[in-house]
Amino acid sequence: MCGIVGFAGARRASDIIYNGLKQLEYRGYDSAGIATLSDGKISALKRRGRVSVLESEIEKLGGVTGIGHTRWATHGKPSDENAHPHVFGKFAIVHNGIIENYSDLKEKYFGGVKFNSDTDSEIIVRLLDKFYGGDLVGALKKISLILKGSYAVAVICADFEGIAVLKRNNPAIIGYGDGENFAASDAPALAGLCSEISVLDDGDIALITKDGVNIFDENLQGVVRERLVNLATPASLDLGGCPHYMLKEIREVPASVERTRLAYLTVESKVKEVLRGVKRVIITGCGTAYNSGLVAKRYIESFVKIPAETEIAGEFRYKNPVITPETAVIAISQSGETADTVEAAKLAVSCGAKVVAVTNAPYSQLTRIADVVVPVGAGSEICVAATKSYTGQIAALYLIAGTLAGIDASEKLLKIPKLCKETLEHIDIDTLADMCARSGGVYFLGRDIDYAVALEGSLKLKEISYVPSEGYPAGELKHGTLALIDIKTVAVVIITDERLAGKSENAVEQVLSRKGKVAVISNVAGIEKRLEGRAEVIKIPACDEFLSPLLSAIAVQLLAYKTALLLDRDPDKPRNLAKSVTVE
Ligand code: M6R
């Protein structure tokens with residue numbers, strides 16, 4: 001959710017920042033901008049649109065120090081004026097987050113003064129200008145005491161050949177180079193630029209020059225933050241010969257499952273220790289992560305026979321939930337930075353619950369809160385739509401449920417990567433994609449675990465193709481939604497549970513009788529014959545009933561991808577969205 005990059009070195013800053021912003025575009029792509037400092041003078045360039053809109057002009061920006069921003073608009077529409085950096089007086093700033101009290105601050109300190117933008121962020125540069133008396137750290141500290149909300153801010157000041165960073169509730173990292181140093185929202189911006197990073201804590205202020213980094217904590221005491229290996233490499237950002245990251249990442253599902261299985265071996269005993277005596281599990285996350293939690297509920301209730309609930313993090317954190325010390329909260333987040341999920345985990349900690357983080361991001365905020373971190377081995381996921389991280393999360397959750405139940409889940413999971421590869425090699429989803437692209441709406445249906453995947457299939461399709469879609473329990477259709485079925489609708493019915501196949505096939509018949517088109521994603525024997533000539537059947541390999549989501553997920557992900565292409569959408573950067581949702 002907005003990406004920021006800062007550079008202080010001896011090379012031309014605008015080039016380095018531009019390349020860094022390109023790597024952070026998954027955080028937002030409504031507008032982009034760069035400001036640099038040269039001989040004590042700030043120059044800025046900012047435009048509505050993707051980062052590439054800056055390319056032809058960046059050479060106008062001289063200087064070896066600068067900051068840059070790629071925006072996901074919250075306050076103020078995407079426009080040149082609302083693009084960052086915001087420049088005023090001796091300062092330019094870029095901001096990721098939301099300043100919740102910006103209107104009050106504007107009124108209090110600036111009365112009727114007209115600002116240059118409609119953003120909440122401009123208040124930061126105006127306040128800096130107001131409070132600055134030659135002491136940059138002092139001015140940043142003063143504004144941190146009155147700003148409410150979340151922010152990672154990078155600043156350049158005409159009086160200081162370097163950049164300053166201020167952080168609260170939004171991620172900011174420092175990168176250490178050779179004669180040059182960096183700041184960024186996220187490690188991919190620094191892939192190939194530095195091998196060591198530090199993660200800033202809330203309340204930290206960092207001063208970064210080409211020669212070094214000074215970090216001050218909340219009390220303005222100098223601190224050293226742990227140096228960590230930068231895991232993002234240029235190779236992890238490569239498209240691997242695919243036209244889009246989404247396709248590349250779906251093809252990496254088998255590796256994601258296998259790496260997750262292997263990584264789990266290193267944390268299994270800790271998971272066992274943390275979850276000992278737990279009587280109830282609450283699983284929380286947002287979007288796709290929430291959907292993987294729906295699968296986990298089935299695992300925990302079936303294997304462990306203790307109550308498990310799945311809660312949308314943004315609801316859970318505000319509903320005054322009953323959480324006791326005998327409750328375990330499993331917080332799932334690809335990025336580990338989703339504001340609602342991080343806050344839900346903090347709430348669980350404050351209630352004395354055990355917190356398990358399931359995340360793809362080893363240094364994220366979520367990892368700092370949890371009692372134990374279960375790594376998802378998806379590797380860097382660039383496409384806004386989650387794919388290999390979803391399957392990695394399901395693998396991790398299956399293993400956690402196995403540990404709770406005392407079952408060797410790893411052994412069962414061992415066979416899955418091969419079946420995922422088979423699915424990828426043999427699946428033919430083109431006809432169904434064509435049906436979806438031409439449809440007036442797509443309903444994803446399923447029962448029990450298949451319903452959980454149906455919700456994810458629907459989310460994926462609407463997210464990247466913009467085709468209206470809903471996920472429903474197959475049995476619910478007749479209780480209202482069937483009224484929407486007509487010749488223009490498509491029902492995609494997921495049927496992998498032999499036990500419930502007959503029941504789900506009832507839904508197929510109900511849709512067909514109302515002239516809706518039907519496709520079935522299934523591994524149930526004999527289904528092609530039963531539906532021959534009446535429905536499109538997409539076969540996936542047979543496997544353990546609890547692990548079928550790892551295969552049906554590939555089908556719905558490819559379906560969304562191919563439908564998006566048919567409709568000429570950019571699958572990697574769907575409209576209005578960003579990958580890392582660090583604001584409420
Ligand atoms: O980083 P997180 O897993 O916490 O992100 C949660 C959701 O924003 C995310 O899963 C979103 O729904 C995906 N873009 C869906 O593909």
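In listed order, ligands and their atoms are each counted from 1. In this text, all values refer to a predicted model and were calculated from it rather than measured experimentally.
- Taking atom 1 (O) of ligand 1 as the reference point, the nearest protein heavy-atom neighbour is Ser335 OG, 2.7 Å.
- For a threshold of 3.5 Å applied to N or O pairs, the pair formed by Val384 and ligand 1 contains at least one separation below that value.
- Asp428 places a side-chain N or O within donor-acceptor distance of the main-chain N or O of Asp430, the cut-off being under 3.5 Å.
- Of all protein heavy atoms, the one lying nearest to atom 8 (O) of ligand 1 is Val581 CG2, 3.9 Å.
- Side-chain atoms of Lys297 come within 3.5 Å of backbone N or O of Ala308 as a donor-acceptor pair.
- Close N/O approach between Ser333 and ligand 1 is found [any backbone or side-chain N/O within under 3.5 Å].
- Thr338 OG1, 3.4 Å is the protein heavy atom nearest to atom 5 (O) of ligand 1.
- Ser458 places no side-chain N or O within donor-acceptor distance of the main-chain N or O of Leu455, the cut-off being under 3.5 Å.
- A cation-pi geometry, defined here as NZ or CZ lying under 6.0 Å from the six-membered ring centre and within 45° of its normal, does not hold between Arg569 and Tyr466.
- Checked options Leu397, Ile330, Val271; the residue passing with Val374 is Val271 (criterion: side-chain contact (heavy atoms from CB on, under 4.5 Å)).
- Interface of Lys460 with ligand 1, defined as ligand atoms under 4.0 Å from a residue heavy atom, comprises 15 (C), 16 (O).
- Between the side chain of Glu311 and the main chain of Ile282, no donor-acceptor pair closer than 3.5 Å is present.
- With hydrogens and angles ignored, the 3.5 Å screen pairs no side-chain donor or acceptor of Asp204 with any backbone N or O of Lys167.
- Between the choices Cys286, Gly287, Ser292, the shortest heavy-atom distance to atom 6 (C) of ligand 1 belongs to Cys286.
- The protein heavy-atom contact nearest to atom 3 (O) of ligand 1 is Gln334 N, 2.7 Å.
- Among protein heavy atoms, atom 14 (N) of ligand 1 sits closest to Glu463 OE2, 2.7 Å.
- Scanning the protein heavy atoms around atom 15 (C) of ligand 1, the nearest turns out to be Thr288 OG1, 3.0 Å.
- Put simply, the side chain of His69 gets close to the backbone of His95: a donor and an acceptor are under 3.5 Å apart.
- Atoms of ligand 1 lying under 4.0 Å from any heavy atom of Ala289, numbered from 1 in the order shown and given with element: 3 (O), 10 (O).
- The shortest N or O to N or O distance between Ile332 and ligand 1 is not under 3.5 Å.
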